[in-house]
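We name chains A, B, ... by the order of the sequence lines, and we start the count at 1 in each one.
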Number of protein chains: 2
Amino acid sequence: MSSYVEENYLKAIYKLTERNKDGAYTNDIAYELNVKPATVTESIKKLGEKGVIHYEKYKAVTLTEAGKLIAIKTIRKHRLWEVFLVEKLGFKWDEIHPMAEELEHINFEELTERLANFLGNPEFDPHGDPIPDKDGVFSNNKSVKLTSLALNTTVVMTGIENHTPSFLQHLDKLGLKLGVQVTLKEIVDFDKSVLVSVNGKKGFYLSHDIANNILCK
Amino acid sequence: MSSYVEENYLKAIYKLTERNKDGAYTNDIAYELNVKPATVTESIKKLGEKGVIHYEKYKAVTLTEAGKLIAIKTIRKHRLWEVFLVEKLGFKWDEIHPMAEELEHINFEELTERLANFLGNPEFDPHGDPIPDKDGVFSNNKSVKLTSLALNTTVVMTGIENHTPSFLQHLDKLGLKLGVQVTLKEIVDFDKSVLVSVNGKKGFYLSHDIANNILCK
DNA sequence: TATAATATTTAGGTTTGCCTAAATGTATTT
DNA sequence: AAATACATTTAGGCAAACCTAAATATTATA
Ligand SMILES: [Mn+2]
Ligand SMILES: [Mn+2]
Ligand SMILES: [Mn+2]
Ligand SMILES: [Mn+2]
């Protein structure tokens, strides 16, 4: 299996396993990678033989240590390139994902490490996601959902849980970018929408769906 | 044919056609791309059907206008990334080729153009090779081989015709990098080796083979 | 617990890009 | 102009990564 395809499978499994500790299911992997379930079955069987995942028929798959390291290193590359695209080339945070999705498969360790150094060894990508170090270690950063806050708390926006361009563009429009101060002023009982004030300015309402995708510290 | 493979074929054909105006031969393409001649026959047949090369059985192939543009755009990407690797990441000129060989296949026009801009729209890559503009136009730069100079001429070194790491490292050792002043002091009749002085310093001999791979203006 | 719904795998295909070995065409020598 | 050398193509195969349709497991529900 080419490094390109393998890295995408392992990354998808990593992501799904973060969501559901049991592991990643065939159908979900297929959805993530835009392929059919039958294709996934074939692929994960091979990845199992290769020793990068634990595969047992009809069970959710999990990554082996070897597989996990490959996944995390791919994530490291992805996020470093995203920083490059935003910080150096001036792209916006809603434009970078497809490019990083390709750049992440360029495998020259020296290139990755020099890139990291050139970027000042950033700890977070433009979406607020943590960048693991070159040994695959994530720094401990616990953020919470905006929807989990108590009334009248003020926090700093540090991340998002949805990376679709339309969501990102909407946040831009609202002035909700990483680093802003957000105060939770009201929780509407009817639909769980929330009234927030950004950097002390006049408040506005956010649907529960939107608030639920915003991370704070 | 994937853009990755296609771009490599077209680039190889472009390069070979520069050397031999008749076009590129099956065997030479195979050698360039490290595949077998039978594979090349298959591939060029398909590239012919696709309209990017002119293919006729048993004849050397040439690029169509469409194919030529793809080749040149790939060369543009390759050379821009090489500039990035040297200027921004601090790689040496003998280390960058394999990385650029992969990066050149990342196809996002906006990325390429922003990269070019970020690098200051360079006209030459770290090996002195010209970088075509985004429409595929090369600036006119005629350089000559060091071996074609008359005695006691002083020139500036502007390029090389051999890109192997060992050649590049040897030039480094000799202090022969792009931009230095070279004076041709002697042409040895016996073996056509040449005595050169770099930036006015004490001269040294270069074999004809080495001198023949050095370009000047 | 049987039945229905859903998930996963198997079977059988396709395309791409590569291979070796054999056949055929072209070019060079005697 | 034959014979030989060399280049190119054809034929037949293979592995990777995808597909659809059908079979089989698992899970949920009546
Ligand atoms: Mn990817
Ligand atoms: Mn990101
Ligand atoms: Mn390449
Ligand atoms: Mn170069």
Side-chain angles (χ1 to χ4, degrees), chain A residues 1-13 15-17 19-63 67 70-71 74 101-102 104-105 107, chain B residues 1-13 15-17 19-63 67 70-71 74 101-102 104-105 107:
Chain A
M1 197 172 269
S2 82
S3 129
Y4 186 99
V5 175
E6 177 177 328
E7 286 173 343
N8 282 341
Y9 270 90
L10 297 179
K11 209 158 55 101
I13 294 164
K15 184 177 169 185
L16 291 166
T17 309
R19 273 215 287 266
N20 180 341
K21 296 203 103 197
D22 292 352
Y25 293 93
T26 304
N27 272 348
D28 298 333
I29 298 170
Y31 179 81
E32 257 334 287
L33 297 177
N34 268 294
V35 297
K36 301 294 164 190
T39 303
V40 170
T41 300
E42 245 184 41
S43 301
I44 60 183
K45 224 185 290 182
K46 281 183 202 152
L47 291 171
E49 281 158 23
K50 218 180 158 182
V52 290
I53 67 173
H54 299 288
Y55 174 68
E56 276 180 89
K57 259 191 187 181
Y58 296 106
K59 289 224 189 121
V61 301
T62 52
L63 297 172
I70 294 172
T74 306
E101 203 57 47
E102 301 294 318
E104 70 187 0
H105 305 295
N107 285 315
Chain B
M1 197 171 267
S2 81
S3 129
Y4 187 99
V5 175
E6 178 177 327
E7 286 173 342
N8 282 341
Y9 271 91
L10 297 179
K11 210 159 55 100
I13 294 164
K15 183 176 167 185
L16 291 165
T17 309
R19 273 214 287 266
N20 180 341
K21 298 202 102 197
D22 291 351
Y25 292 95
T26 303
N27 271 348
D28 297 334
I29 298 170
Y31 180 80
E32 268 316 302
L33 297 177
N34 268 294
V35 295
K36 301 295 163 188
T39 303
V40 170
T41 300
E42 247 182 41
S43 301
I44 59 183
K45 225 186 289 185
K46 282 183 201 150
L47 291 171
E49 280 158 24
K50 217 180 158 181
V52 290
I53 67 173
H54 299 289
Y55 174 68
E56 276 180 89
K57 257 192 189 180
Y58 297 105
K59 288 220 189 128
V61 302
T62 53
L63 298 172
I70 295 172
T74 306
E101 203 56 48
E102 301 295 318
E104 71 186 359
H105 305 294
N107 285 316

According to a strict under-4.0 Å criterion, is [X] in side-chain N/O contact with OP1 or OP2 of [N]?
{"X": "A/Thr26", "N": "C/dT9", "value": "yes"}
{"X": "B/Tyr55", "N": "D/dT9", "value": "yes"}
{"X": "A/Asn27", "N": "C/dT6", "value": "no"}

To the nearest Å, give me how far apart [atom1] ([X]) and [atom2] ([N]) are.
{"X": "B/Tyr4", "N": "C/dT15", "atom1": "OH", "atom2": "C1'", "answer": "19 Å"}
{"X": "A/Lys45", "N": "D/dA16", "atom1": "NZ", "atom2": "P", "answer": "14 Å"}
{"X": "A/Tyr25", "N": "C/dT8", "atom1": "OH", "atom2": "C1'", "answer": "12 Å"}
{"X": "A/Tyr31", "N": "C/dA7", "atom1": "OH", "atom2": "P", "answer": "14 Å"}

Rounded to the nearest 0.5 Å, what separation is found between the CG atom of B/Leu47 and the CD1 atom of B/Ile13?
-> 6.0 Å

Interatomic distance, B/Ile53 atom CD1 to B/Ile70 atom CD1 [nearest 0.5 angstrom] | 11.5 Å

Set of residues satisfying side chain to side chain donor-acceptor pair (under 3.5 Å) with respect to B/Asn107, sequence neighbours excluded = B/Ser3, B/Glu7, B/Lys77

Listed by chain and number, what are the side-chain contact (heavy atoms from CB on, under 4.5 Å) partners of [X], not counting sequence neighbours?
{"X": "B/Lys59", "result": "B/Glu56"}
{"X": "A/Ala71", "result": "A/Leu10, A/Tyr14, A/Leu63"}
{"X": "B/Ala12", "result": "B/Glu32, B/Leu33"}
{"X": "B/Tyr31", "result": "none"}

Short heteroatom pairs, N/O only, protein and nucleotides 23-26 of chain C, under 3.5 Å:
{"residue": "C/dG25", "atom": "O4'", "partner": "B/Tyr58", "partner atom": "OH", "Å": "3.3"}

Would you mind writing out the side-chain donor-acceptor pairs for residues 34-42 of chain A within the sub-3.5 Å range, not counting sequence neighbours?
{"residue": "A/Thr41", "atom": "OG1", "partner": "A/Pro37", "partner atom": "O", "Å": "3.3"}

Take the C1' atoms of the five end pairs on each side of the helix from C/dT1-D/dA30 to C/dT30-D/dA1, get both axes, and report the angle to 10 degrees.
-> 10°

May I have all residue pairs that pass side chain to side chain donor-acceptor pair (under 3.5 Å) and include part of residues 43-53 of chain B, sequence neighbours excluded?
-> B/Glu6-B/Lys50, B/Tyr9-B/Ser43

Quick test: give all pairs of protein nitrogen or oxygen and nucleotides 16-18 of chain C nitrogen or oxygen below 3.5 Å, distance rounded to 0.1 Å.
{"residue": "C/dG17", "atom": "OP1", "partner": "B/Ser2", "partner atom": "N", "Å": "2.5"}
{"residue": "C/dC18", "atom": "OP2", "partner": "B/Tyr9", "partner atom": "OH", "Å": "3.4"}
{"residue": "C/dC18", "atom": "N4", "partner": "B/Glu42", "partner atom": "OE1", "Å": "2.9"}
{"residue": "C/dC18", "atom": "N4", "partner": "B/Glu42", "partner atom": "OE2", "Å": "2.7"}

